[in-house]
Amino acid sequence: MEQATTLQTNSGNRAKFIIGGLLIIAAVVYLIASSTQASAQYFLTIGEVATKGDEVMGRDLRVSGAVLGDTIQYDAQSLTLTFVVADIPGDNNEIEAQGGLAAVLHEATVDPNRTRMEVVYDGVKPDLLRNEAQAIMTGRLGQDGRFYADELLLKCPTKYEEAVPEQADVAG
């Protein structure tokens with residue numbers, strides 16, 4: 001009789017242990033899935049944002065475009081920066097086929113038919129913000145159609161292209 005009671009107690013403890021382990025695993029899986037969905041960002045071109053409109057409004061987005069230099073406005077008091085970006089391809093192979101990033105950025109800034117979007121960023125004005133720079137922005141599309149950037153990264157390919165021939169001459 002004692003052996004039967006001991007076996008029942010051991011199997012009862014084992015079942016509790018297994019159920020507890022399964023609950024912990026389920027909680028970890030749930031936390032991973034919910035945090036992944038919450039932090040998901042959509043990488044879109046300016047044209048895709050314009051096409052999707054309401055579908056992407058308020059969602060975290062990452063958008064890339066060519067800066068139109070004559071649209072840059074900065075208020076040093078409020079640290080508010082606004083500028084307009086023009087659509088560029090999101091596919092690197094397409095960029096290379098069109099002559100490289102510098103050529104694509106230049107063409108985007110001079111083509112009046114490219115889709116454009118106004119960007120609002122609160123923060124210090126980056127030194128690389130100039131005409132034909134590539135702006136990579138993380139933020140949200142507002143109800144007013146403007147993109148409110150939380151992060152702003154800039155690439156200025158002409159800066160690097162000018163340095164390449166000079167380096168080649170020194171090496172040769």
Side-chain angles (χ1 to χ4, degrees), residues 32-33 35-172:
I32 290 171
S35 69
T36 301
Q37 290 174 353
S39 65
Q41 289 181 343
Y42 297 91
F43 187 81
L44 301 172
T45 64
I46 305 292
E48 290 169 336
V49 171
T51 302
K52 293 179 187 260
D54 290 342
E55 185 183 330
V56 296
M57 196 167 300
R59 290 189 179 177
D60 285 338
L61 303 174
R62 183 167 229 171
V63 182
S64 175
V67 175
L68 303 176
D70 57 348
T71 66
I72 299 170
Q73 296 179 349
Y74 183 62
D75 182 349
Q77 295 288 4
S78 65
L79 299 179
T80 302
L81 175 65
T82 59
F83 57 95
V84 174
V85 289
D87 187 44
I88 60 171
D91 181 20
N92 285 336
N93 292 333
E94 190 176 340
I95 290 172
E96 289 304 315
Q98 293 180 22
L101 186 57
V104 167
L105 292 171
H106 174 73
E107 186 59 34
T109 59
V110 298
D111 182 356
N113 297 320
R114 291 283 175 113
T115 305
R116 296 177 178 193
M117 181 172 65
E118 186 176 358
V119 177
V120 178
Y121 174 72
D122 289 323
V124 177
K125 180 181 174 188
D127 291 337
L128 289 178
L129 184 66
R130 61 184 66 147
N131 191 47
E132 297 183 14
Q134 179 186 15
I136 302 167
M137 303 144 303
T138 304
R140 282 168 286 304
L141 182 64
Q143 295 281 350
D144 57 3
R146 300 191 320 173
F147 188 82
Y148 292 88
D150 299 321
E151 284 182 28
L152 175 60
L153 302 171
L154 296 158
K155 289 183 184 177
C156 191
T158 54
K159 177 179 177 182
Y160 303 111
E161 286 179 0
E162 290 169 1
V164 172
E166 188 175 304
Q167 291 172 351
D169 290 343
V170 172

**Study point:** V104 versus P89, closest heavy-atom pair with distance
**Key:** CG1-CD, 3.5 Å
Revision key, fill the gap. Result for side-chain contact (heavy atoms from CB on, under 4.5 Å) between L68 and one of E132, E118, R116 points to R116
Check your understanding: So do T138 and L61 actually touch side chain to side chain, heavy atoms under 4.5 Å?
Key -> no
Practice item. Could you walk me through whether D122 and L79 pass side-chain contact (heavy atoms from CB on, under 4.5 Å), step by step? Key: CA-CA 6 Å; D122 289 323; L79 299 179; 5.8 Å; no
Review point. Closest heavy-atom contact between Q77 and D75?
Key: N-OD1, 3.0 Å
Review point. Hey, are the side chains of N131 and V67 touching, using non-hydrogen atoms and a 4.5 Å cut-off?
Key: no
Practice item. Give, for atom CG of N113 and atom CG of D87, the distance between the pair rounded to the nearest 0.5 Å. Key: 12.0 Å
Check your understanding: Would M57 and K52 satisfy side-chain contact (heavy atoms from CB on, under 4.5 Å), going step by step from the backbone distance to the final call?
Key -> CA-CA 9 Å; M57 196 167 300; K52 293 179 187 260; over 6 Å; no
**Study point:** Residue list, side-chain contact (heavy atoms from CB on, under 4.5 Å) with R140, at least two apart or on another chain
**Key:** D60, D150
Which pairs would a plain distance check flag for residues 91-103, meaning a side-chain donor or acceptor within less than 3.5 Å of a matching protein atom at least two apart in sequence or in another chain?
unit_1	atom_1	unit_2	atom_2	d
D91	OD1	N93	N	3.3
E94	OE2	Q98	NE2	3.3

Review point. Do F147 and V49 come close enough that some side-chain heavy atom pair is under 4.5 Å?
Key: no
Exercise for review: For Y121, enumerate each residue passing the side-chain contact (heavy atoms from CB on, under 4.5 Å) test, keeping only those at least two apart in sequence or located in another chain.
Suggested key: L81, A149, L152
Review point. What do the steps show when you test L141 against M117 for side-chain contact (heavy atoms from CB on, under 4.5 Å), and what is the final call?
Key: CA-CA 10 Å; L141 182 64; M117 181 172 65; 4.3 Å; yes
Check your understanding: Within a reach of under 6.0 Å around CG of D144, are more than 12 heavy atoms found that belong to other residues, nucleotides or ligands?
Key -> yes
Check your understanding: What closest approach, in Å, do I88 and A108 show between heavy atoms, and which atom pair accounts for it?
Key -> CG2-CB, 3.7 Å
Point to revise | Min side-chain heavy-atom separation S64-T45 under 4.5 Å | key: no
Revision key, fill the gap. The reported gap from OG1 in T80 to OH in Y74 (rounded to nearest 0.5 angstrom) is 8.0 Å
Point to revise | Validation row: Q134, L154 side chains within 4.5 angstrom (heavy atoms) | key: no
Practice item. Measure across L105 and A66 and return the closest heavy-atom pair with its distance rounded to 0.1 Å. Key: CD2-CB, 3.6 Å
Exercise for review: Dump the intermediate steps for side-chain contact (heavy atoms from CB on, under 4.5 Å) on R62 and L153, then the final yes or no.
Suggested key: CA-CA 11 Å; R62 183 167 229 171; L153 302 171; 3.5 Å; yes
Review point. Within a strict 4.5 Å, meaning less than it, do heavy atoms of the V84 and V119 side chains meet?
Key: no
Review point. How many angstroms lie between CE in M137 and CD in E151, if you round to the nearest 0.5 Å?
Key: 12.0 Å
